[in-house]
Amino acid sequence: MSFDRSVKIAPSILSADFANFGEEIRCVEAQGADWIHVDVMDGHFVPNITFGPSTCAAIRPHILTVMDVHLMIAPVDPYIEAFAEAGADVITAHVEAGAHIHRSLQAIRANGAKAGVALNPGTPASAVAHLLEIADLVCVMTVNPGFGGQSFIPLENKVAELRAMIGDRPIHIEIDGGVTSLTAPGLVRAGADVLVAGSSVFKGGSVSNPAPYGANINAIRAAVA
Ligand code: DX5
Ligand code: ZN
């Protein structure tokens, strides 16, 4: 995984058909996805449950791009090795998930993955100020995590603040929640390069009719071009 700041669209399979992840991933990658975003929820850190490391391992062979695993779980540390073994390229943990986020990021890197740190909407940018030497990605949540299809919380100023803090460091800024062709431009202007999009990519399409996935991805790409 090489680093660059070009805009990458990362469809979240939270909005895909859970009984057909392999085919959904093939379709959305064929339609132009740059990364695949995988939302892991535990029913404890967030009020919803999705799936764990064995599902991640099962879908891994179907991903040709980048497997971007977003852990909305607490605790994080006991599960890092399992998600790394499942083949995650990026593992993102929440700064709010425990007392020792620095240790979690170290463990993610030690297990061979890129280390991401996510911020809930209510958490200030300064929460990652002392983590920038050990982070490969900062994820700015623009919804309260737990569900797809929620309305966007405008946090462009926080994104710009993070972009300034990051400077020349090779750290991605990812946005997660409510990304559409309408909300994406301001986020990219503020400094985001990875745009997670669930409902706005998967809406209107299916594995038997995947063309809308491509049209939806292209609409976001065109809006930020
Ligand atoms: C929310 C998840 C997101 C979600 C985004 O807790 O982390 O990745 O899938 O969904 P949309 O794009 O529909 O807001
Ligand atoms: Zn996510």
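When reading the values below, keep in mind they use all heavy atoms of this one structure, side chains included, and skip hydrogens, waters and symmetry mates. Just so you know, ligand 1 is whichever comes first in the structure, and atom 1 is the first atom listed for that ligand. In this text, all values refer to a predicted model and were calculated from it rather than measured experimentally.
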Checking side chain to side chain contact (heavy atoms under 4.5 Å, CB included) against Phe45, which of Val40, Val76, Asn120 comes through?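 Between Phe45 and the candidates, side chain to side chain contact (heavy atoms under 4.5 Å, CB included) is satisfied uniquely by Asn120.
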Any Lys/Arg nitrogen of Glu133 or Arg169 sitting under 4.0 Å from an Asp/Glu carboxylate oxygen of the other?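 Counted as a salt bridge, because a side-chain N and a carboxylate O are separated by less than 4.0 Å.
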Side-chain ion pair, Asp193 and Arg163, N-O less than 4.0 Å: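 Answer for the salt bridge query: no.
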Name the residue from His94, Glu96, Lys158 that meets the side-chain hydrogen bond (donor to acceptor under 3.5 Å, both in side chains) definition with Thr123.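 Exactly one pass, corresponding to Glu96.
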Distances under 2.8 Å only: what protein N/O/S atoms are near the Zn ion (ligand 2), ordered by chain and residue?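 Listed by chain and number: His37 NE2, Asp39 OD1, His70 ND1, Asp176 OD2.
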Return the orientation label for the His172 and Phe3 ring planes: parallel under 30°, perpendicular over 60°, tilted otherwise.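 Geometry flag for Phe3 against His172: tilted rings.
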Can you say whether the rings of His37 and His70 are parallel (under 30°), tilted (30 to 60°) or perpendicular (over 60°)?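 Taking His70 first and then His37, their aromatic rings sit tilted (interplane angle of 30° to 60°).
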Can you list every salt bridge (charged side-chain N to carboxylate O under 4.0 Å, His left out) pair that touches residues 213-225, not counting sequence neighbours?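 Residue pairs passing salt bridge (charged side-chain N to carboxylate O under 4.0 Å, His left out), neighbours aside: Asp34-Arg221.
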Assess, by modelled atom type and distance only, whether the side chains of Asp39 and Ser12 contain a donor and an acceptor separated by less than 3.5 Å.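 Judged by distance alone, the side chains do pair up.
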Just grab all the ring pair (Phe, Tyr, Trp, His ring centres under 6.0 Å) pairs involving residues 108-151, residues at least two apart or on different chains.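 Checked against ring pair (Phe, Tyr, Trp, His ring centres under 6.0 Å) - neighbours excluded - no pair reaches residues 108-151.
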Below 3.5 Å only, please: the N or O atoms of ligand 1 paired with protein N or O atoms, distance on each line.
unit_1: ligand 1; atom_1: 6 (O); unit_2: Gly146; atom_2: N; d: 2.7
unit_1: ligand 1; atom_1: 7 (O); unit_2: Asp39; atom_2: OD1; d: 3.0
unit_1: ligand 1; atom_1: 7 (O); unit_2: His70; atom_2: ND1; d: 3.2
unit_1: ligand 1; atom_1: 7 (O); unit_2: Asp176; atom_2: OD2; d: 2.8
unit_1: ligand 1; atom_1: 8 (O); unit_2: His37; atom_2: NE2; d: 3.4
unit_1: ligand 1; atom_1: 8 (O); unit_2: Asp39; atom_2: OD1; d: 3.2
unit_1: ligand 1; atom_1: 8 (O); unit_2: Asp39; atom_2: OD2; d: 2.7
unit_1: ligand 1; atom_1: 8 (O); unit_2: Asp176; atom_2: OD1; d: 2.6
unit_1: ligand 1; atom_1: 8 (O); unit_2: Asp176; atom_2: OD2; d: 3.1
unit_1: ligand 1; atom_1: 9 (O); unit_2: Ser12; atom_2: OG; d: 2.9
unit_1: ligand 1; atom_1: 9 (O); unit_2: Asp39; atom_2: OD2; d: 3.1
unit_1: ligand 1; atom_1: 12 (O); unit_2: Gly198; atom_2: N; d: 2.8
unit_1: ligand 1; atom_1: 13 (O); unit_2: Gly149; atom_2: N; d: 2.8
unit_1: ligand 1; atom_1: 13 (O); unit_2: Ser199; atom_2: N; d: 3.0
unit_1: ligand 1; atom_1: 13 (O); unit_2: Ser199; atom_2: OG; d: 2.6
unit_1: ligand 1; atom_1: 14 (O); unit_2: Gly178; atom_2: N; d: 2.8

